[in-house]
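Reviewing the structure listed below.
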Amino acid sequence: MNLKTTVAGNQFETPFLNASGIICQTQEELDSLEATKELGGIVTKSATLQPREGNEQPRYYDLAHGSINSMGLPNQGYPFYLDYVQHEHSKPTILSVAGMSAADAIELMRKVQDSDYEGLTELNLSCPNVIGHPQTAYDFEATEKILETVCSFFTKPFGVKLPPYFDLAHFDGIAKVLNKFPLTHVNTINSVGNGLVVDVDKEQVVTKAKGGFGGLGGAMVLPTALANVRALRLRLNDDIAIIGTGGVTTGADVFAHILCGADMVSVGTQVIKEGLGVYARLQKELEDIMAEKGYESLEDFRGKVKEL
Ligand code: SIN
């Protein structure tokens, strides 16, 4: 069975990626991703200009149907991740970068442009957990301005990580902006921002920063993730690939992401719950579904979800 997929000419042996933020912050974690044979590529933690400790603990809480987190972009700073992706790796890398401001984002992209790295970069416009910083990609004008500036000097392949959208007018709005630029891909969705989980016994929220408001992930966000993949696939230029992220717990969920139009699929919360062994299970479950349906490659069903 052929699980190969490509994004902007970069060939991946499987469609599986780690979601940025999950087991990709340290050298040891990145090494463990490289050693996970079912992973098609490696995404780094979103790198900021300066190293960050992230938000106060507790900042992750496991839920029956997913998770809530308020990590706040803990990372070692861009030089570490830019150095990491410039080394030889057994699979393609995606360098994720996140600015604390538009100026930061632009400066980070300049650093990448000035480096020898020629692989994929992903500009994270959607972290919901940085205190005092709204998610950029909910502001279409600001997003357009950043992309205009970046595209005035950036000549390497890059895409963007988006927050979830919830209204058809917003899908139209963001697609109109993104279609103006030579993006390789969009990664959709980041966590569903600013949820609130309450421990009824303790009469208390479960994460510390932002009064307990945090990003929701895992099974409960699958329909939102699929809607964003599908809605954007219907609206974006054909040459903008889609990395579907959100809600994957089974091979059927991976199949559904691809059926809605995803070129690759990332897994976040379920890796925390189950460890990196999850990818072997997901691959087997995906292959079993494909075999049962007589599909030999991802192209046989990608984007072909039927309407009633
Ligand atoms: C975080 O808060 O560090 C995770 C969210 C993101 O990577 O955008």
Side-chain angles (χ1 to χ4, degrees), residues 17-26 29-30 33 42-63 66-78 80-81 84 93-102 104-105 108 120-139 142-143 146 158-165 174 185-197 205-218 221 224-225 228 243-248 266-272:
L17 291 171
N18 59 298
S20 175
I22 313 298
I23 317 191
C24 56
Q25 195 178 326
T26 64
E29 289 175 348
L30 290 160
L33 294 179
I42 301 167
V43 188
T44 71
K45 177 68 188 172
S46 292
T48 51
L49 275 179
Q50 309 298 334
R52 286 175 56 83
E53 290 293 327
N55 293 342
E56 263 187 275
Q57 304 274 6
R59 56 193 190 185
Y60 177 87
Y61 190 86
D62 195 56
L63 298 164
S67 66
I68 184 167
N69 87 84
S70 181
M71 301 303 288
L73 291 177
N75 77 95
Q76 304 192 52
Y78 84 87
F80 170 79
Y81 301 99
Y84 171 79
T93 53
I94 300 179
L95 171 65
S96 176
V97 296
M100 291 295 106
S101 62
D104 267 24
L108 281 159
L120 291 166
T121 296
E122 187 171 286
L123 180 58
N124 182 352
L125 297 174
S126 53
C127 180
N129 303 323
V130 180
I131 298 162
H133 293 271
Q135 293 163 87
T136 308
Y138 282 139
D139 180 339
T143 299
I146 291 174
F158 88 103
V160 291
K161 175 102 177 241
L162 298 174
Y165 297 99
I174 191 66
H185 70 280
V186 300
N187 189 332
T188 178
I189 56 175
N190 206 320
S191 58
V192 176
N194 298 301
L196 192 70
V197 172
V205 299
V206 299
T207 53
K208 174 86 175 163
K210 293 178 66 182
F213 287 80
L216 305 175
V221 310
T224 301
N228 277 260
I243 299 176
T245 303
V248 169
S266 318
V267 188
T269 295
Q270 197 61 25
V271 176
I272 297 179

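Counting starts at 1 for both ligands and their atoms, following the listed order. Index from 1, following the sequence.
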Should the proximity of V130 to ligand 1, defined as any heavy atom under 4.0 Å, be assigned to the side chain, the backbone, both, or neither?
-> neither
Is there a heavy atom in G21 that sits closer than 4.0 Å to ligand 1?
-> no
Any N/O of P74 closer than 3.5 Å to an N/O of ligand 1?
-> no
I would like to know whether T207 and I68 meet side-chain contact (heavy atoms from CB on, under 4.5 Å); could you show each step before the answer?
-> CA-CA 8 Å; T207 53; I68 184 167; 4.3 Å; yes
Within-cut-off N or O pair, S126 and ligand 1, under 3.5 Å | no
Return the minimal non-hydrogen interatomic distance between P128 and S191, and the atom names on each side.
-> CG-OG, 3.5 Å
Going by heavy atoms in the side chains, are E29 and K45 under 4.5 Å from each other?
-> no
Are N124 and S96 close enough that a side-chain donor and a side-chain acceptor fall under 3.5 Å?
-> no
Kindly confirm or rule out an N or O of G72 lying under 3.5 angstrom from an N or O of ligand 1.
-> yes
Should we say atom CD of E53 is surrounded by more than 12 heavy atoms from elsewhere, each under 6.0 Å from it?
-> no
Residue, atom name and distance, where the atom is the protein heavy atom closest to atom 5 (C) of ligand 1 | C127 SG, 3.5 Å
For S96 and ligand 1, answer yes if some heavy atom of the residue is under 4.0 Å from a ligand atom, otherwise no.
-> no
At a 4.0 Å cut-off, with the gap strictly under it, does some heavy atom of K45 reach an atom of ligand 1?
-> yes
Which residue and non-hydrogen atom of the protein lie closest to atom 7 (O) of ligand 1, and at what distance in Å?
-> N124 ND2, 3.5 Å
Quick one: do K210 and N194 satisfy side-chain hydrogen bond (donor to acceptor under 3.5 Å, both in side chains)? Show the steps, please.
-> CA-CA 9 Å; K210 293 178 66 182; N194 298 301; 2.8 Å; yes
